[in-house]
Amino acid sequence: MPELPEVETVRTGLQKLIIGKTIHAATHDTVRSFPNSPEDAASYMIGASVDSIRRRGKALIIALSSGYSLVVHLKMTGQLVYVGDVRFGAGHPSDSLVGTLPDKSTRVTIEFSDGTKLYFNDQRKFGWMRLMPSVQVADLPFMQRLGPEPLEESFTVADFHERLSRRPRSNIKAVLLDQTVIAGVGNIYADESLWGARIHPKRLTGTLTKSEKELLYKEVRFVMNLSIEKGGSSNQTYVNAEGKKGSYMDFARVFRRENQLCQRCGTVIEKIRVAGRGTHICPTCQQE
DNA sequence: CACTTGACCTGTCCGC
DNA sequence: TGCGGACAGGTCAAGT
């Protein structure tokens with residue numbers, strides 16, 4: 001569920017909260033949280049401070065002063081939540097969370113030298129965090145295969161055309177969800193952008209007109225930028241680094257709005273299944 | 001090779 | 001109220 005806008009919101013939150021802090025202790029559950037990491041991952045973190053936090057697609061890269069980085073993928077239900085210290089007094093952004101974490105979904109706890117903590121929680125355990133030398137992060141197979149960042153200036157409509165043209169016989173929704181085509185689009189923003197471009201998610205990419213693809217390119221960027229502005233979407237478990245929900249769902253046009261009326265034409269929004277996922281469409285605006 | 005489906009998990013919701 | 005089953009949807013492995 002955390003897609004590009006949610007992960008970006010977590011990134012900017014952590015940027016404000018943990019840069020420069022020194023790791024004092026770290027605990028984690030068994031191998032699941034740290035696949036392929038040094039067995040004593042915690043000992044590689046202690047004493048290091050947080051240098052920078054980057055995002056690539058839906059992944060976060062927390063670079064430490066020791067030359068190691070924590071690479072995190074939240075998958076469906078992962079959360080990275082920072083909790084202050086009660087000694088900081090009232091007004092700290094995540095005061096309300098003091099005492100509520102860790103809970104049974106907590107997989108990793110990182111404690112900073114000022115007593116504040118960063119929790120990696122994941123109800124469904126699909127997410128992962130791994131520790132590796134920073135110079136090797138770019139060599140991770142999934143990083144190498146990742147498509148371009150849709151919000152970067154360098155990602156042009158021509159790139160979008162070219163990338164879609166490689167998958168002419170797939171339906172457009174499956175292509176939007178494919179991280180090797182474009183990085184960061186998930187189920188929410190695929191549905192939202194297809195509605196915006198009036199394209200049925202089952203349309204084969206090869207049948208899209210040039211103007212439809214141009215519109216879709218704009219819509220993908222529009223919904224992602226709007227969502228970042230709104231702090232992301234929280235339809236179930238997503239929260240930002242301060243444990244707060246995002247408000248994009250208040251603005252969503254079709255996602256999770258089945259049985260409500262299309263704001264463009266008044267038709268009842270339907271939920272169907274495309275590419276194995278729940279998919280929301282306006283059957284009038286989006287003709288197959 | 002291109003493309004689709006199933007598995008990984010756990011909590012929630014729905015119908016009986 | 002309890003219980004089985006469908007569902008949620010990111011990614012990769014396995015299947016067609």
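Numbers restart at 1 for each chain; the letters A, B, ... are given by sequence-line order, proteins then strands.
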Please give, in whole Å, the distance from B:dC1 P to A:Arg166 CZ? 15 Å
Closest to side chain of A:Lys125, choosing from B:dC9, B:dC3, C:dG10: B:dC9
From A:Lys173, A:Arg167, A:Arg166, residue fulfilling side chain to side chain donor-acceptor pair (under 3.5 Å) relative to A:Ser170: A:Arg167
So if I apply the side chain to side chain donor-acceptor pair (under 3.5 Å) rule between A:Arg253 and each of A:Gln263, A:His280, A:Glu192, A:Gln260, which one comes out positive? A:Glu192
Is it the case that the ring center of A:Phe34 lies less than 6.0 angstrom away from the ring center of A:Phe120? no
Side chain of A:Pro168: nearest nucleotide among C:dC12, B:dC3, C:dG9? B:dC3
Figure out the CG/P separation between A:Leu60 and C:dG10, and round it to whole Å. 16 Å
Could you give the CE-to-P distance, from A:Met249 to C:dA8, as a whole number of Å? 13 Å
From the options B:dT4, B:dG11, C:dG10, select the nucleotide whose nearest atom is closest to the side chain of A:Glu3. C:dG10
Using a 4.0 Å heavy-atom cut-off, does A:Gly276 contact any base of the nucleic acid, only the sugar-phosphate backbone, or nothing at all? nothing
Of the listed nucleotides (B:dC3, B:dT10, C:dG10), which one gets closest to any side-chain atom of A:Gln123? B:dT10
Say we look at B:dC9 and C:dC3: how far apart would their P atoms be, to the nearest angstrom? 25 Å
Checking contacts here: which listed nucleotide (B:dT4, C:dG9, C:dC12) is nearest the side-chain heavy atoms of A:Arg145? C:dC12
Is there any side chain to side chain donor-acceptor pair (under 3.5 Å) pair reaching into residues 57-72 of chain A, and which pairs are they, with sequence neighbours excluded? A:Ser49-A:Ser65, A:Ser69-A:Ser134
Which whole-number value in Å describes the distance from A:Arg256 CZ to C:dA8 P? 7 Å
Test of ring centre spacing under 6.0 Å for A:Phe155 and A:Tyr217: yes
Flag yes if more than 12 heavy atoms outside A:Arg54 fall under 6.0 Å of its CZ atom; otherwise flag no. no
Whole-Å distance, A:Glu6 CD to C:dA8 P, equals 17 Å
Can you check the A:Lys75 NZ to B:dC9 P distance for me, whole Å? 11 Å
Phosphate contact (B:dC1 OP1 or OP2) by A:Arg167 side-chain N/O below 4.0 Å: no
Ignoring the backbone of A:Asn187, work out which of C:dG10, C:dA8, B:dC3 is nearest its side chain. C:dG10
Write down the distance separating the P atoms in B:dC3 and C:dG9, rounded off to the nearest Å. 24 Å
Picking from C:dG10, C:dG9, C:dA8, the nucleotide nearest the side-chain atoms of A:Arg273 would be C:dA8
Does any donor atom in the side chain of A:Asn121 or A:Thr106 lie under 3.5 Å from an acceptor atom in the other side chain? yes
Calculate the interatomic distance between A:Asn121 atom CG and B:dT10 atom P; express it in whole Å. 15 Å
Report yes or no: is the cationic atom of A:Arg257 (NZ for Lys, CZ for Arg) under 6.0 Å from the centre of the six-membered ring of A:Trp195, at an angle within 45° of the ring normal? no
Is A:Thr77 close enough to B:dC9 that one of its side-chain N or O atoms is under 4.0 Å from OP1 or OP2 there? no
Give the dot-bracket line for DNA chain C from 5' end to 3' end: parentheses for intra-strand Watson-Crick or G-U pairs under 3.5 Å, square brackets for crossings, | for inter-strand pairing, dots for unpaired. .|||||||.|||||||
Candidate nucleotides B:dC3, C:dG10, C:dC12, ranked by approach to the side chain of A:His73 - the nearest: C:dG10
Rounded to the Å, how far apart are A:Asp178 CG and C:dA13 P? 14 Å
Using the C1' atom as the reference point in each nucleotide, state the distance between C:dC12 and B:dG11 in Å, no decimals. 23 Å
With the side chain of A:Phe126 defined as its heavy atoms from C-beta on, choose the nearest nucleotide among B:dC3, C:dG9, B:dT10. C:dG9
